[in-house]
Each structure stands twice: as C-alpha cells, then as structure tokens.
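Computed over heavy atoms, backbone and side chain alike; hydrogens, waters and symmetry mates excluded. If you read the sequence from its start, that first residue is 1, and numbering goes on from there. These numbers come from a predicted model, not from an experiment.
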Amino acid sequence: MADEVVSRNFIEQIIDKDLEEGKYEKIITRFPPEPNGYLHIGHAKSILLNYGLAVKYGGQFNLRFDDTNPTKEKEEFVQSIVEDVKWLGADFRNEILFASNYFDKMYEAAIKLIKKGKAYVCDLSADEIREYRGTLKEPGKNSPYRDRSVEENLKLFEEMKDGVYADGEKVLRAKIDMSSPNINMRDPIIYRIARMTHHNTGDKWCIYPMYDFAHPIEDAIEGVTHSICTLEFEDHRPLYDWVVTELEYPHPPKQIEFAKLYLTNVVTGKRYIKKLVDDGIVDGWDDPRLVTLSALRRRGYTPEAIRRFMELSGVSKANSSSDNAMLEYCVREDLKPKADRVMGVIDPVKVVIDNYPEDMTEEFEIENNPDNPDAGTRKVSFSRELYVERDDFMEEPPKKYFRLFPGNEVRLKGAYFVKCVGFDKDDNGNVTTVHVTYDPETRSGSGFEGRKVKGTIHWVDARTAVNAEVRLYENIVDEEKGKLNDDGSLNLNPNSLTVLSDAKLEACLMGAKAGDTFQFIRDGYFCVDSKDSSDEKLVFNRVVGLKSSYKPQ
C-alpha cells in the first residue's frame with residue numbers, strides 16, 4: 001500500500017521539486033488530443049489528471065488539438081472533443097488551441113535546425129529509410145544524403161514547401177545519431193510531403209510536421225511546464241528533449257509519462273470502435289454500449305462518477321487494469337442520492353383488482369428518494385387496473401418466491417395488500433391478465449398492523465401510465481469468451497442490447513427531458529436518451545443495474 005501512495009503522487013513530487021528549485025513560476029499543463037475520433041474513458045484520465053494538476057498548483061490548463069495529420073482528422077471530432085472536455089468540468093477558458101496554428105513557427109524551427117546543421121533533406125524511400133534504420137540489436141547506417149550542405153538543404157526544403165516534389169519523394173530528417181540504442185533518435189523524419197486538405201489550414205501547406213517534432217514545439221510555444229504523456233512516449237522523450245534543446249527555448253517543458261487507463265473487457269481502441277460504427281453494429285460513436293465519453297454521457301453516466309473512478313484508479317508508472325465494475329460502482333454511488341425513485345414496469349402484465357370500484361381513483365403519497373429526505377414526496381394515482389412486472393407473477397412458483405401466485409398475498413408498494421385469485425391466458429399460453437382482490441383496511445399509512453406479507457411489488461396505474469421504450473445494455477464483447485477472436489476480430493456479445501418497447505411508467509415521467517435520470521425501483525438507474533427520445537416517444541437507457549460485483553476497499 002505504501003508503494004501505491006507514492007506512485008499516485010509521483011507527478012506531484014516532480015512538480016514540487018521543480019517549483020522548489022525555481023525552474024518554473026506558473027504550472028501550465030495541457031490535453032493534446034488528435035481529432036481523429038471520439039474520446040473514450042481512457043482519455044478522461046489524461047484530461048482530469050492534467051486539469052487537476054493545474055488546479056492544485058494554481059496554474060493553467062490548455063486544450064490543444066494536435067492536428068498534424070489531416071488524413072484522419074475532421075471538424076466533427078474537434079467539436080465532440082470540446083464538448084467532452086467541457087462535460088468533464090475541465091476549464092480551458094473557452095480558448096481552443098490548434099497545433100496547425102503554429103505551422104509557420106514549426107517551419108521556421110525546421111529552417112533553424114537546417115542552418116545549425118541539425119537537419120537535412122533525404123531522398124530515400126520509406127522502405128529504404130526503414131532498412132537503413134537498423135534494428136534493436138544492430139545500429140543504423142547514414143543516409144547518402146546526410147551530408148548535404150546547409151545551402152542545398154535550405155533550397156530543397158523550400159522547394160518541398162512550394163510543391164515542387166511529389167508526395168513521399170523527399171523528407172526532412174533530424175541529424176542526430178544513426179548508432180543510437182534508441183531507434184527514435186536515428187535521424188527521425190520531422191517533415192513529410194502530403195498534399196491533403198487540412199480541416200483548419202485548408203490547402204495552405206503541402207508539407208506537414210511529424211508528431212514527434214511538432215509536439216515539443218507546441219508545448220514550448222504555449223509555455224507548458226509539464227507535458228504529461230502516457231507510457232508509450234517514454235522512448236520518445238530523448239527526442240522531445242533534443243528538439244526543445246536544439247531550438248533553444250528558454251524554459252523547456254518537461255515530459256513525464258504515466259500509465260494509461262486500461263478497463264477490463266472493454267473496447268477502447270479507435271480502430272475497433274470505428275469498425276463497429278462503419279459496420280453499423282452500433283448506431284454511432286455515442287452508442288451507449290461503447291465507452292466513448294459521448295456514449296457514457298448518452299447512457300447516463302455523470303462526470304462526478306468518472307472523476308471518482310479516476311481517483312480510485314490512481315496514477316502510477318506501472319500498467320494495470322481497472323475493473324469495469326468499479327466504474328459502475330462509482331456511477332451507482334453518485335446517482336443514489338440524486339435520482340428520484342419511481343415505479344417503472346419495463347415488461348408489463350396487467351393486473352385487475354376485481355373488487356375495486358371501476359370508477360374510483362385514489363392518490364398515494366410516496367417518497368421520492370429514501371436516501372435523500374430533501375427530495376420530498378409525490379402523489380401517485382391508483383385505480384382498478386394496474387401494470388406489474390411480468391416476472392412478479394408465476395403460475396407455479398418455486399420455493400421462496402414471495403410475489404404474486406394463486407392464493408398468495410403481497411403489498412403493492414405504498415398502497416394495499418392484494419391477493420391473487422386467478423389469471424387469464426391467450427391462445428399461446430401467455431398470461432395476459434392477473435386477477436386480484438384488495439383489502440381496503442390495509443391502505444398504506446393507515447396504521448394497519450394486522451397480518452404480514454413477505455412480498456412488496458411495484459406497480460403503475462393503467463389509467464395514467466406513460467408509454468416508453470426501455471433499452472437494456474450488456475458489454476458489447478463477450479466477457480466469458482474474451483474480447484478478441486483468434487483472427488483478431490472482436491468477439492461480439494449478441495445480447496449487448498435488449499429493447500423493451502412497451503414499458504409503462506409513472507405519470508410523473510411525462511415530459512422527462514434528455515439526460516433526466518431516475519431509479520426505476522428494482523430495475524436500476526435509467527436516463528432519458530438524448531438522441532432518440534422525443535415528446536411523442538420516451539426512450540430510456542439503463543445506466544446501470546442496482547447490484548454490484550465491486551467491493552470497495
């Protein structure tokens with residue numbers, strides 16, 4: 001446990017030391033997404049970590065798009081990322097930064113390296129560059145173009161910018177060390193020719209900087225002090241440091257790596273998610289079966305729950321996995337005091353109280369949330385015909401089944417005792433109506449202390465019931481068989497979505513708006529869908545069930 005505490009704070013310890021030594025006056029962090037897809041739960045860790053550090057040290061948090069690869073980048077992705085970062089509560093002052101806005105300065109930086117003899121134009125093909133690079137065990141060998149003069153390199157690089165050469169015909173490489181044990185330092189490519197329309201700069205450029213060159217320059221331009229990256233960039237740190245050193249920035253940023261967030265049996269890879277979207281298996285990047293942030297938001301997860309989940313997951317240098325059940329636990333705990341508890345019957349069967357007057361309607365007062373006395377109470381209508389859950393009646397029940405069956409008595413939540421006296425079936429043997437009688441002496445709140453019953457079930461008044469569609473979700477991959485098939489494809493769960501189109505809900509849910517969340521008694525937490533729900537048709541997504549397999553430490 002002691003090691004865990006140290007690992008959670010290792011970034012703060014570095015920052016504390018830098019401040020004590022006077023390296024920086026104001027802490028500036030950033031979240032630098034590439035706009036080539038929607039953010040997922042793993043990105044939330046980076047957003048909240050970087051923003052949390054800025055808040056803790058009274059500094060500044062930047063949202064900056066690393067848009068140096070126009071082949072996969074879209075304005076749609078930019079807008080979705082902005083919405084996600086705002087939703088999580090990270091304040092970037094509504095100042096959206098773009099790496100592409102620094103392209104002129106990056107070009108000038110490349111010219112500076114050429115003039116210092118630290119960069120050269122290379123004519124080798126991509127395959128030849130790969131061959132010359134060497135292996136982890138064998139050093140690389142110098143390009144035959146490595147010793148071009150400064151003047152020739154300046155001329156060729158300008159011609160690259162002016163569109164003289166075809167895509168891939170030439171590249172600009174940093175001149176570092178082809179024998180370095182770190183392959184990233186073996187004269188990496190820092191600019192390539194690519195005739196592509198950029199979402200932000202249009203057709204101004206036909207050369208684009210490589211990420212490893214652009215990233216440290218962006219950080220330095222913005223005055224970022226601590227560039228927090230995930231562990232796969234650890235081997236790239238020497239190149240990061242080389243760039244900011246050679247370009248002589250007065251206060252070079254410091255790159256620090258931390259372990260990514262891995263979630264058990266969950267699809268986070270953009271390539272896999274894109275295929276699910278393109279193949280029509282899900283209805284978009286925000287399908288509630290996914291763990292993109294827009295999908296979690298649509299499903300009904302809260303930013304507070306995600307922040308709590310990140311706190312429990314911690315920050316460390318060692319890769320590890322967090323249990324998806326812990327994320328569900330966090331949203332369940334967050335919604336428990338917030339969400340009103342209502343009666344929703346998601347798979348209904350009709351109940352007729354044979355001895356209840358046909359023209360009579362009553363109202364019962366029911367508490368909105370037992371865990372939150374301030375939530376108050378509401379009036380619920382009651383009449384002769386009701387709906388209950390289909391599994392709350394059994395013709396031939398097993399032992400310890402305390403709900404409705406012939407001859408058994410239960411309490412209708414907040415109302416009366418009723419006894420099952422019969423039932424009707426259709427031609428296929430399906431139960432269509434359950435007949436009961438009620439005891440008017442057992443009205444809830446009347447002080448009745450007579451006989452006891454073991455079962456209480458929820459119900460909805462048929463006269464005032466609101467019709468709705470309810471969607472139940474399971475993991476999109478088959479957890480028992482594993483996430484991937486032998487061929488590398490996703491092993492999909494055929495039961496990942498169940499649609500119940502005839503749910504009956506309390507009248508108080510009439511007019512519920514997108515994002516409104518409730519606990520349906522016994523069935524879980526449900527959120528009004530933001531895409532498909534309308535005034536004409538209410539659609540609810542189950543956020544999470546009531547039972548948890550996660551045990552907090």
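- Judged by distance alone, the side chains of Asp177 and Ser179 do bring a donor and an acceptor atom under 3.5 Å apart.
- Under the 3.5 Å distance criterion, the side-chain polar atoms of Arg192 are left unmatched by any main-chain donor or acceptor of Leu172.
- For the atom pair Leu88 CG and Glu83 CD, the distance stands at 11.0 Å (nearest 0.5 Å).
- Here the closest heavy-atom approach between residue Arg173 and residue Ser143 is recorded as NH1-CB, 3.8 Å.
- Heavy atoms only, all atoms of each residue included: Asn200 and Ser100 are closest at ND2-OG, 2.6 Å.
- Checking Asn36 against Glu73 by side-chain atom types alone, no donor-acceptor pair falls below 3.5 Å.
- A side-chain contact (heavy atoms from CB on, under 4.5 Å) with Val282 holds for exactly one of Ile273, Leu497, Ile476; it is Ile476.
- Side-chain contact, Gln60 with Asn62: a donor N or O sits under 3.5 Å from an acceptor N or O.
- By the 4.0 Å N-to-carboxylate-O rule, Lys17 lies close enough to Glu21 to be salt-bridged with it.
- Note on Arg64 versus Asp219: salt bridge recorded, some NZ/NE/NH1/NH2 to OD/OE distance being below 4.0 Å.
- Neither side chain, Asn475 nor Arg289, offers a donor N or O lying under 3.5 Å from an acceptor on the other.
- Other residues, nucleotides and ligands contribute only 12 or fewer heavy atoms inside 6.0 Å of the CZ atom of Arg271.
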Are Lys116 and Glu246 close enough, and set up right, to give a salt bridge (Lys or Arg N to Asp or Glu O under 4.0 Å), and what steps lead you there?
CA-CA 9 Å; Lys116 290 180 68 173; Glu246 292 296 338; 3.0 Å; yes

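- The salt bridge (Lys or Arg N to Asp or Glu O under 4.0 Å) test with Arg298 is passed by exactly one of Asp84, Asp287, Asp283: Asp283.
- The only option from Val544, Val543, Thr517, Leu472 that meets the side-chain contact (heavy atoms from CB on, under 4.5 Å) definition with Phe526 turns out to be Leu472.
- The distance between the ring centers of Phe103 and Tyr208 falls below 6.0 angstrom.
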Check the pair Lys531, Asp286 against salt bridge (Lys or Arg N to Asp or Glu O under 4.0 Å), reporting the backbone distance first and the verdict last.
CA-CA 9 Å; Lys531 182 182 283 187; Asp286 62 351; 2.8 Å; yes

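- For Lys105, the NZ atom is loosely surrounded, since the number of other residues' heavy atoms within 6.0 Å does not exceed 12.
- Tyr525 OH to Phe540 CZ: the interatomic distance, rounded to the nearest 0.5 Å, is 15.0 Å.
- Using modelled atom types, one side-chain atom of Asn182 and one backbone atom of Asn184 make a donor-acceptor pair closer than 3.5 Å.
- The OG1 atom of Thr225 sits 11.5 Å away from atom CD of Glu25, with the distance rounded to the nearest 0.5 Å.
- Taking a cutoff of 4.0 Å between a charged side-chain nitrogen and a carboxylate oxygen, Asp212 and Arg237 do not qualify as a salt bridge.
- Of the possible donor and acceptor atoms, none in the side chain of Lys254 sits under 3.5 Å from a partner among the backbone N and O of Asp241.
- Under 3.5 Å, the side chains of Tyr38 and Glu76 contain a donor-acceptor pair of N or O atoms.
- When only modelled atom types and interatomic distance are considered, Thr302 and Asp334 share a side-chain donor-acceptor pair under 3.5 Å.
- No hydrogens or angles considered: a donor-acceptor pair under 3.5 Å links the side chains of Ser322 and Ser313.
- Using cut-offs of 30° and 60° on the angle between ring planes, the pair Phe31 and His43 is perpendicular.
- The pair Glu34-Lys270 fails the salt-bridge criterion, with no side-chain N (NZ, NE, NH1 or NH2) lying under 4.0 Å from an Asp/Glu carboxylate O.
- Between atom CH2 of residue Trp205 and atom CE of residue Met160 there is a gap of 11.5 Å, rounded to the nearest 0.5 Å.
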Determine, stepwise, if the pair Glu469 / Arg471 fulfils salt bridge (Lys or Arg N to Asp or Glu O under 4.0 Å).
CA-CA 7 Å; Glu469 179 180 293; Arg471 298 170 180 177; 2.7 Å; yes

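- The structure places CG of Asp203 at 3.5 Å from OG1 of Thr197, a figure rounded to the nearest 0.5 Å.
- Taking the six-membered ring for Trp and the full ring otherwise, the centers of Tyr240 and His215 sit less than 6.0 Å from each other.
- No side-chain N or O of Glu474 forms a donor-acceptor pair with one of Asn495 less than 3.5 Å apart.
- A distance below 6.0 Å separates the ring centres of Phe61 and Tyr51.
- Annotation: the span from Ile183 atom CD1 to Met185 atom CE amounts to 13.0 Å, rounded to 0.5 Å.
- For Arg308, the side chain to side chain contact (heavy atoms under 4.5 Å, CB included) criterion is met by Glu311, Leu312, Cys330, not counting sequence neighbours.
- A ring-centre distance under 6.0 Å is not found for Phe77 and His199.
- When the ring-ring contact (aromatic ring centres under 6.0 Å, His included) test is applied to Tyr249, no partner is found at least two apart in sequence or on another chain.
- Using a cut-off of 4.0 Å between Lys/Arg side-chain N and Asp/Glu carboxylate O, Lys317 and Glu257 are scored as salt-bridged.
- Two rings, from Phe157 and Tyr120, have their centers 6.0 Å or more apart.
- A salt bridge links Glu304 with Lys338; the closest basic N to acidic carboxylate O contact falls under 4.0 Å.
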With salt bridge (Lys or Arg N to Asp or Glu O under 4.0 Å) as the criterion, how do Asp278 and Lys275 come out once you've worked through the C-alpha distance, each side chain's angles and the decisive distance to 0.1 Å?
CA-CA 5 Å; Asp278 292 345; Lys275 182 167 176 56; over 6 Å; no

